[in-house]
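All residue numbers refer to positions in the sequence shown, counting from 1. Quick caveat, the model's predicted, so the values are computed rather than measured.
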Amino acid sequence: MCTEAARLRLKSSWAIALLDSLGIEVEADLTHVAPGALVVANHISWIDIYVINAALPSAFVSKAEVRNWPLIGWLAAKNDTIFLRRGSRGHARIVNDEIAALLGRGRHVAVFPEGTTTDGRSLLHFHAALLQPALSAGRPVLPVALSYWELDGERSLAPRYDGDISLGQCTRAILGRRRLIARLVTTPLRGLQGEDRRQVAAEAREAIALGARLPLVEAPAADLPVSAPAASQPLTSSADLA
């Protein structure tokens with residue numbers, strides 16, 4: 001029988017292989033990682049899950065409707081996704097208990113508190129309720145900033161999966177690039193001093209904005225720094241993660 005540690009390594013390796021087949025290399029700053037943390041990330045694309053899994057193999061929390069989406073629903077189910085039925089308090093309690101149990105075993109659980117994808121050039125409001133299971137269980141919140149870059153150092157919009165963009169259009173846009181860099185940056189842990197969920201959500205959002213060099217409100221692309229930032233911490237590449 002495969003141990004949990006071995007299964008997580010396989011999960012990471014599978015994610016790296018999938019991303020490599022799409023021409024995506026992962027660069028990860030894992031400075032602030034701690035066992036059993038709730039990973040809170042901004043959301044740009046369906047490939048965000050695999051970028052996170054490449055560096056931080058995690059269970060994911062998603063709305064139940066995703067389970068019925070073609071291909072993505074199947075992939076989500078194969079990636080330890082916890083499907084949440086919105087509007088059901090009873091089911092929310094069950095999901096919260098499941099999240100707390102995973103965190104208590106030292107596993108990572110990941111959420112996208114914007115609740116939807118963006119084009120990757122700004123951050124939406126964070127839904128603080130998604131952070132409550134970790135805070136109630138006394139587990140840390142780990143804000144993680146995701147961003148995608150072209151080889152010339154320009155921010156890439158190819159992975160965006162928002163608005164009316166279909167899965168096929170998104171995938172073709174990614175494959176149309178010779179190579180893309182997915183950058184994952186961890187930031188200091190939050191929620192360890194008894195802060196309430198709104199404060200933690202606000203702090204996590206600010207940290208992610210800084211880590212991904214994003215504005216906190218919608219802004220024209222002209223207002224956004226587009227050159228890739230110099231790494232302040234050593235980055236681990238997907239080759240090293242494998």
Any L103 side-chain heavy atom under 4.5 Å of H108 side chain: no
Least distance between heavy atoms, P133 atom then N96 atom: CG-OD1, 3.1 Å
Can you tell me if CZ on R105 sees more than 12 non-hydrogen neighbours from other groups inside 6.0 Å? yes
Can you find a pair of side-chain heavy atoms, one from V40 and one from L142, that are under 4.5 Å apart? no
Taking D119 for its side chain and R160 for its backbone only, find out whether a donor-acceptor pair lies under 3.5 Å. no
Mind running side chain to side chain contact (heavy atoms under 4.5 Å, CB included) on L189 and V141 for me, showing each step along the way? CA-CA 6 Å; L189 297 169; V141 170; over 6 Å; no
Do V33 and V26 share a hydrophobic cluster (ILVMFWY, side-chain heavy atoms under 4.5 Å, transitive)? yes
Is the shortest heavy-atom distance from the side chain of T116 to the side chain of L124 under 4.5 Å? yes
Assess, by modelled atom type and distance only, whether the side chains of W14 and S12 contain a donor and an acceptor separated by less than 3.5 Å. no
Working to the nearest 0.5 angstrom, can you tell me the gap between L19 CG and Y50 OH? 9.0 Å
Below 4.5 Å, heavy atoms only, C-beta onward: do F60 and V109 meet side chain to side chain? no
Any sub-3.5 Å donor-acceptor pair from E195's side-chain atoms to Q193's backbone N or O? yes
Could you give the distance from CG (L135) to CD (Q199), rounded to the nearest 0.5 Å? 10.0 Å
Check the pair L151, R178 against side chain to side chain contact (heavy atoms under 4.5 Å, CB included), reporting the backbone distance first and the verdict last. CA-CA 8 Å; L151 289 178; R178 184 165 62 88; 3.4 Å; yes
A129 backbone acceptor or donor facing Q132 side chain under 3.5 Å: no
Exactly one candidate in P140, P188, P143 meets side-chain contact (heavy atoms from CB on, under 4.5 Å) with H32; the answer is P188
Minimal non-hydrogen separation, L214 against G120, with atom names: CD2-O, 3.1 Å
Looking only at heavy atoms, which two atoms of W149 and R183 are closest? And how far apart? NE1-NH1, 3.4 Å
Examine distances only and state if a side-chain atom of K11 and a backbone atom of S58 form a donor-acceptor pair shorter than 3.5 Å. yes
Over all heavy atoms of both residues, which pair between L123 and R205 is shortest? Give the atoms and the distance, please. O-NH2, 3.0 Å
Could you grab the distance from atom CZ of R179 to atom CD1 of I174, nearest 0.5 Å is fine? 12.5 Å
Side-chain heavy atoms under 4.5 angstrom apart, residues restricted to Ile, Leu, Val, Met, Phe, Trp, Tyr: same cluster for Y148 and L157? no
So if you build clusters from Ile, Leu, Val, Met, Phe, Trp, Tyr with side-chain heavy-atom gaps below 4.5 Å, do V185 and L210 land together? no
In Å and rounded to the nearest 0.5 Å, what is the CG to CD distance from N42 to E114? 6.0 Å
Do I49 and L22 sit in one hydrophobic cluster, given that two such residues count as connected whenever their side-chain heavy atoms are within less than 4.5 Å of each other, even indirectly? yes
Check whether any side-chain heavy atom of W46 sits under 4.5 Å from a side-chain heavy atom of T171, and report yes or no. yes
From E206 CD over to T187 OG1, what is the distance, rounded to the nearest 0.5 angstrom? 11.0 Å
Kindly give the heavy-atom pair with the smallest separation between L131 and P113, and that separation in Å. CD1-CB, 4.4 Å
Taking S45 for its side chain and D48 for its backbone only, find out whether a donor-acceptor pair lies under 3.5 Å. no
What distance separates I208 CD1 from L146 CG, expressed to the nearest 0.5 Å? 8.0 Å
List the steps and the verdict of side chain to side chain contact (heavy atoms under 4.5 Å, CB included) for D162 and H43. CA-CA 10 Å; D162 65 322; H43 201 9; over 6 Å; no
State which residue, out of L56, V144, L184, fulfils the side-chain contact (heavy atoms from CB on, under 4.5 Å) condition with V51. L184
Close side-chain approach of V111 and V39, heavy atoms under 4.5 Å: no
Does any non-hydrogen side-chain atom of R155 lie less than 4.5 Å from one of E150? no
How close do L180 and S156 get, counting heavy atoms only, and between which atoms? CD2-OG, 3.4 Å
Is there a donor-acceptor contact under 3.5 Å from the side chain of R139 to the main chain of G36? yes
